[in-house]
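Worksheet: the structure to be examined is printed underneath.
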Amino acid sequence: MEQSPDESVDALRRAVLRSWRDSPTRFTEDTHAEHDLRVGAYRDRVFVELAQNAADAAALAGAPGRLRVRVVDGELRVANTGAPLDRRGIAALASLRASGKPSGHQADGDAAPGVTVGRFGVGFAAVLAVTSEPRIVSRTGGVAFSEARTRQEWDADEVPVLRLPWALPADEPPVPDGFDTEVRLPMRAGAQAAQEYVAAVEREAADVLVMLPWLVEIDVEGRLWRRHDDGAEVVLTDPDGGRTRWLTQRGQGCTWAVPIGEDGRPRPLGEDVLHTPTPTDERLSLPARLLTTAVPMEPSRRRVLASADSPDVVRALRAAAEAYPGLVRALPAEHRLALVPRPHFPVSDVDGVLRDLVVERLAEDDWLPSATSGLLPGRRARVLDVDAPHLVALLADVVPGLVAAPLCGRDAVRAAEIASARGIGIGELVEAVGGIERPPAWWRDLYTELLAVVDRAEVELDELGALPVPLADGRTWPGARGVLLVEAGDAALGTDLAALDIPGLHVAHPEAVHPLLRRLGAVEAGPAELLRAPAVVEAIARSVDDTMAGLDVTALVESVLTWVSAAGRAPGLGALALPTASGRRRADELVLPDSALLEVLHPDAVGDDDAPLDVLDAETARRWDREVLLACGVRDTFTVLGSEGPDAGPEPDDELSVPDLDLVADEAWPRAIRLLASQPDTWRVLTAPDHRLRDWLSAHALLAGRPPRHWRLPSATELAGLFDPVPDVGLPENLLALVGVRAELAVADTDPAHDAELLCARLADPQRTVSAGLVLRAHSALSAVPPDDVEPPDQVRTLAGTVCDADDAVVLDAPWLLAVWPADRLVAAADFADAPALADVLDLPLASDETDETDEITATVAADAGEGSFAAWSELPAIVEVADLLGIGVPAGGVVVHDELTVAGTPVPWWRDTSGDLHASDSPEGLARAFAWSANRWSDRVLVERLLDDPDPRAVLG
């Protein structure tokens, strides 16, 4: 006959008491075991353990379970539906070491009825944290545990509460309607503690429903939390109507879950713990929650058994990792990267092993959406590193393994690289599209997307330098720099550029023209840009050679002239092959048929192939506007290099800025000069401060058969005798001066040596009558010329106005020497200070050197001078009076005064000997000159002489 529940309870209690009495050690073991469970393994897990038991009861009954929490008279009461308490359950509750539950429950919610995780096993010890008098009431009976009643049976300081079961009191209220079992826990700390616990239960309710799929409702004091399974999604509803959704993925012995928003966007977890399926102490950092029953755990279900890298644990974690890509695939494609574990240090050993396994699976399994079709494993995936979804669509069939939009951008690359995917940068993209054939419209769309990422500063413009451009001729060119952009039907171009067939001329297809190409160096192909395009410039440069090779350049010439008519001048146009009467020549070698230039050029300079210039074909000159032809370099008058002509550029230092002057006919120079003066450009050069053109003309132009420097202006009478007045050549005096006709006595700065030689030749011409003053000034001008480049003259002009051989002449460098040298051998400048330089230029000795070296003069100076008497200047009253009248300080030193002074037998008024002593005859003339030289007032010597004769102030003032 089967025992009643109460009889079963009594029998269990008696058996336990008998074991204690038979073996006191067993009592101690039970006491310690329960203590460890209460304060260690199951601390703070009352509600989770009771909810686990409720889920197991629902699983055993095969129907979703409900849980209700109430506080009644200070008791916490937790009721549930499902399989009621039976004898095996009571025995399990009183065993401390064993559960009365079958094994094999899976955390995926599909366990068969009766297959449970924790049905009234050791986990029930968690209630001891809040009570010492728990009771379980079921519709099939119940059981009570009591610390007080156990102490009555066994006298000890500490007793195990859950080892001695007791029958329920006779007045125990039945299970609430609609429920099968209720756990009743009188709270040690009273009703207030019960209410605080209820608040804690409310905080845990939602997580419990996620962890325990057999529970579908939790009622806490009338506030309901509900779970609803919608395929792979778990929907939780809170008492306020709020909904929380979790996406789940079932695997072998596990379930992965991640919260998602109403829009399907995942809300990755931060730090979490391993759930088995109740929470453990094993910290995890994956974006999703792992609920598993396959991982071997310690009996407390807080830590894994053994270690994280033990074979059994790794095997279970690997099985969980294999299910992870399924969870990722269940998300919308645009959100999948959110579940890739972010790199950081593992938060536990289990976390480190599991993260590595999950990342390995993401690298090997298909989960990333391909831009073409299907899925890609991380290891074969390429992610565009700019945030440009439309760009991904354009490149789908260009880049193998490209991940579909919107999984692109640098954040996406960083996430995907964790799963062994590789980013594709703009440089690789440009390389990938190189050489492919696509319609021009496709390229324009590509440019639109790339310009957007450039404007967002995701890409540097330089990275797109090699971006291909479809050309109008059907080719694709690598790089936009130098490519020309044309608008279809541009009438200003005057021709079909694609048909022009200019090698190297890269014209973009009109349908591909885009602002990005302009920013990459492409240029608008208007007439001005075409004229400056390197390929066009090169074609112009070789146009004459092409003509000589038999090629037809008519189309090129017509196009260029059309562009010039719209855009004006451009560099390199001078090389354009234009027609003449006998063929084609460079434009800058041609002269207009009616040009005034033809009137001044030498006949041999124009015409045949060997001539430097030719005449433009008359028909071409008639058809095209004169300014167009001039812009190409065709000559109408003299031009200026480096101005705004076709070959504009800096003028070389050694090249004349106005070409063709060397082609002027000798007799035509006056007309040529008038032509130069009539044009603004050449007039500007002619009057420029650098005088380059003026200096060239002064030496090379011809006026009446001679260069302008050989003539003087008619008004420059002070040069009479040295230079002849220029004949009447029909030029005004200002033009004559501009081209170098002399207006004053000066040596040309630009070619001083040549001009000095001309001046020497004129001075040495015995047929010329030159005034003495002009000779002195001319010699002073010559002294300023560097002597190295001057060819010394064979003959020189002397003080006597005569011309003598240079071998017989000396340069006067001191005034006292005039007395001993004949005037027809002396060459003098206006200032004695110029004498040494003049001697260098003329290659003549100085008179002082020649005098000192003449033994006769040196020997006779002292003898002829006699003894004389020395007088200091300050001791000569007449000198002191004259110095006062002139305001001259009386110099130091003095003079040796002689009654009569002769040098080499020649009477002289004064002398300075080789030792520097001054000698003077006792006369106003001698004393005046010696004093003026000593006082450095040589120019006042005549005045001093007059004052010595008559020291009257009127001689100074009048």
Are [X] and [Y] close enough that some pair of their side-chain heavy atoms sits under 4.5 Å apart?
X: Pro708; Y: Val726; answer: no
X: Leu745; Y: Glu718; answer: no
X: Val483; Y: Leu520; answer: no
X: His509; Y: Leu471; answer: no
X: Val564; Y: Arg569; answer: no
X: Arg584; Y: Val557; answer: yes
X: Leu598; Y: Val606; answer: yes
X: Leu736; Y: Leu703; answer: yes

### Task
Give every residue pair that meets the ring pair (Phe, Tyr, Trp, His ring centres under 6.0 Å) criterion with at least one member in residues 694-740, sequence neighbours excluded.
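Qualifying pairs: Trp696-His700.
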Working to the nearest 0.5 angstrom, can you tell me the gap between [X] [atom1] and [Y] [atom2]?
X: Asp681; Y: Thr639; atom1: CG; atom2: OG1; result: 9.0 Å
X: His390; Y: Thr448; atom1: NE2; atom2: OG1; result: 10.5 Å
X: Asp604; Y: Leu613; atom1: CG; atom2: CG; result: 12.0 Å
X: Ser543; Y: Leu578; atom1: OG; atom2: CG; result: 8.0 Å
X: Leu713; Y: Leu719; atom1: CG; atom2: CG; result: 8.5 Å
X: Leu629; Y: Leu573; atom1: CG; atom2: CG; result: 11.5 Å

Applying side-chain contact (heavy atoms from CB on, under 4.5 Å) between [X] and each of [options], report the one that passes.
X: Leu464; options: Val453, Leu516, Leu517; value: Leu516
X: Leu782; options: Asp755, Asp834, Leu838; value: Leu838
X: Val433; options: Leu395, Val399, Thr476; value: Leu395

[X] to [Y] - nearest heavy-atom pair and separation:
X: Arg674; Y: Val729; result: NH1-O, 4.0 Å
X: Pro593; Y: Val615; result: CA-CG1, 3.7 Å
X: Leu759; Y: Ala778; result: CD2-O, 4.0 Å
X: Ala533; Y: Leu505; result: CB-CD1, 4.3 Å
X: Val469; Y: Ala508; result: CG1-CB, 3.9 Å
X: Pro579; Y: Leu590; result: O-CD1, 4.4 Å

### Message
Could you walk me through whether Asp751 and Glu757 satisfy the side-chain contact (heavy atoms from CB on, under 4.5 Å) test, starting with their C-alpha distance in whole Å, then the side-chain angles of each, then the deciding distance to 0.1 Å, before giving a yes or no?
### Response
CA-CA 10 Å; Asp751 191 6; Glu757 291 172 6; over 6 Å; no
### Message
Applying salt bridge (charged side-chain N to carboxylate O under 4.0 Å, His left out) as the test, list every pair that has at least one member in residues 544-566; sequence neighbours left out.
### Response
Arg542-Asp546, Glu558-Arg623
#### Entry: Pairs satisfying salt bridge (charged side-chain N to carboxylate O under 4.0 Å, His left out), at least one member in residues 460-469, at least two apart
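Listed once each, the pairs would be none.
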Closer than 3.5 angstrom, by distance alone: can the side chain of [X] be matched with the main-chain N or O of [Y] as a donor-acceptor pair?
X: Arg762; Y: Leu722; answer: yes
X: Arg742; Y: Arg709; answer: yes
X: Arg712; Y: Val741; answer: no
X: Arg456; Y: Asp387; answer: yes
X: Ser595; Y: Val591; answer: no
X: Ser698; Y: Gly740; answer: no
X: Glu511; Y: Pro440; answer: no
X: Ser780; Y: Arg777; answer: no
X: Glu529; Y: Gly526; answer: yes
X: Arg797; Y: Leu763; answer: yes

### Task
Start with the C-alpha gap between Leu429 and Leu391, add the side-chain angles, then the distance that decides, and say whether side-chain contact (heavy atoms from CB on, under 4.5 Å) holds.
CA-CA 10 Å; Leu429 183 152; Leu391 186 57; 4.0 Å; yes
Above 12 or not: heavy atoms from other molecules or residues under 6.0 Å from [atom1] of [X]?
X: Asp455; atom1: CG; result: yes
X: Glu619; atom1: CD; result: yes
X: His691; atom1: NE2; result: yes

#### Entry: Partner residues of His506 under the ring-ring contact (aromatic ring centres under 6.0 Å, His included) criterion, sequence neighbours left out
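Residues passing ring-ring contact (aromatic ring centres under 6.0 Å, His included) with His506: Trp477.
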### Task
Taking only Lys NZ, Arg NE, NH1 and NH2, and the carboxylate oxygens of Asp or Glu, determine whether Asp614 and Arg586 approach each other closer than 4.0 Å.
no
### Query
Do the side-chain N and O atoms of Asp617 and Thr580 include a donor-acceptor pair separated by under 3.5 angstrom?
no
#### Entry: Leu702: partners by side chain to side chain contact (heavy atoms under 4.5 Å, CB included), with sequence neighbours left out
Asp666, Trp669, Pro707
### Query
Does any pair with a residue in residues 722-739 pass side chain to side chain donor-acceptor pair (under 3.5 Å), and if so which ones, sequence neighbours excluded?
Ser715-Glu733, Asp724-Arg768
### Task
Given side-chain contact (heavy atoms from CB on, under 4.5 Å), test Leu561 with Cys632 step by step and report yes or no.
CA-CA 8 Å; Leu561 292 176; Cys632 292; 3.7 Å; yes
#### Entry: Derivation and outcome, side-chain contact (heavy atoms from CB on, under 4.5 Å), residues Gln679 and Val640
CA-CA 10 Å; Gln679 301 297 320; Val640 177; over 6 Å; no
